[in-house]
Amino acid sequence: MVCSCSKLARHISIVALAAFLLLSAGGAAMAQAPQSVFAPAGPVAETQLKLLSLTLYIAIGIFVVVGSILLYTVFRFRARPGDPIPKQIHGNTTLELIWTVIPLAILVVIAVPTVRDAFGLAQPPTDDVLEVRVVGHQWWWSFEYPELGIITANELRIPVGQVVRLTMESEDVIHSFWVPRLAGKMDVIPNRVNAMWLTADEPGIYYGQCAEFCGTSHANMRFRVVALPQAEFDRWVQGRLSADEREPANDLIARGQAIFESTGTCFACHTVDGTSAAGTVGPNLSDFGSRSTLAAGLLPNTPENLRAWLRNPQEVKPGALMPRLPLSDDDIEALVAFLHSLK
Ligand code: CUA
């Protein structure tokens, strides 16, 4: 009996130590990762991390206190041969009060800031907001700036320090919008409009992804939030607004545009401002050449990857709704040139 108790205690302490080391190593590694909630880059994520930290520290405290008492008890009060039955304390009012009041106090300490922040983050802190309509699709994201008259996809450009209000809808099934370094998740639900806001404190690229299983390519439904200095953002907006004056820079690009606009190809599903292509089934490609990725954040936007995508979308992204088009290698070269000229 003596032997099995100390063995148990040893096992408990080894498991606790291993869990602690694993958690610390994991925590340190996670803080470096591009999608870490432990590296907040805006006020919303910072507020949420403070709440998470409070809960986490309280939980660690409880773990240490309860674990220590357990270990001490297991050693100190272990049964020895010939011991009588210990004193029974069933129905001890003092004990009952203590273990009711302490958890109650802990819950209050967690609940007060939780409720405060839940309501505090529900509304943007100012009226000076950039409005963006987010629409989730299987398996990509559409970003519309209603006040600017711009629509883009999979790369949400915002000015640094600007409060951005997102109103969020879904075209098909439930998705979840998550940019861990800027804000917590928000579900994107058919026939319902959800809203949230975020701000990026520093210029940079913040990785996001769909966080709700939504079908074959759920894991490939990624996106980026690109936070730009105000002047750079304004330049992008100006570029987008002057798209109607776009002229093909060379013959290859002109041929690519002609293929893009011909019957039964790209134009049926995609929009490119300044051309006859005005489809809305697939992503708006008007600034495709300035995007860093293709296929919803799946691959770097290189000519090679774009060729592979045009040859057979499903091979690159399982389940992709874009059909495989009967394009020759020459057609694909021309389309790549045209698409990469769209900035
Ligand atoms: Cu959209 Cu998962």
Does either side chain, that of [X] or that of [Y], offer a donor lying less than 3.5 Å from an acceptor on the other one?
| X | Y | value |
| --- | --- | --- |
| Gln238 | Asp234 | no |
| Thr167 | Glu131 | no |
| Asp128 | Thr126 | no |
| Arg291 | Thr152 | yes |
| Asn305 | Arg307 | no |

ask   = Below 4.0 angstrom, N of the basic side chain to O of the carboxylate: do Lys343 and Asp287 qualify?
value = no

key: Charged N-O contact under 4.0 Å between Arg255 and Asp251   = no

task = Kindly indicate, with the supporting measurements, whether the criterion side chain to side chain contact (heavy atoms under 4.5 Å, CB included) is fulfilled by Tyr206 and Leu156.
result = CA-CA 10 Å; Tyr206 301 97; Leu156 172 61; over 6 Å; no

ask   = When the ring planes of Phe233 and Trp236 are compared, do they come out parallel, tilted or perpendicular, using 30° and 60° as the limits?
value = tilted

query = Is any side-chain heavy atom of Val179 less than 4.5 Å from a side-chain heavy atom of Phe223?
reply = yes

key: His340: side-chain hydrogen bond (donor to acceptor under 3.5 Å, both in side chains) partners, not counting sequence neighbours   = Asn301

ask   = So which pairs with a foot in residues 167-188 pass salt bridge (Lys or Arg N to Asp or Glu O under 4.0 Å), sequence neighbours left out?
value = Arg133-Glu169

remark   = Apart from Phe213 itself, members of its ILVMFWY cluster (side-chain separation under 4.5 Å) are none

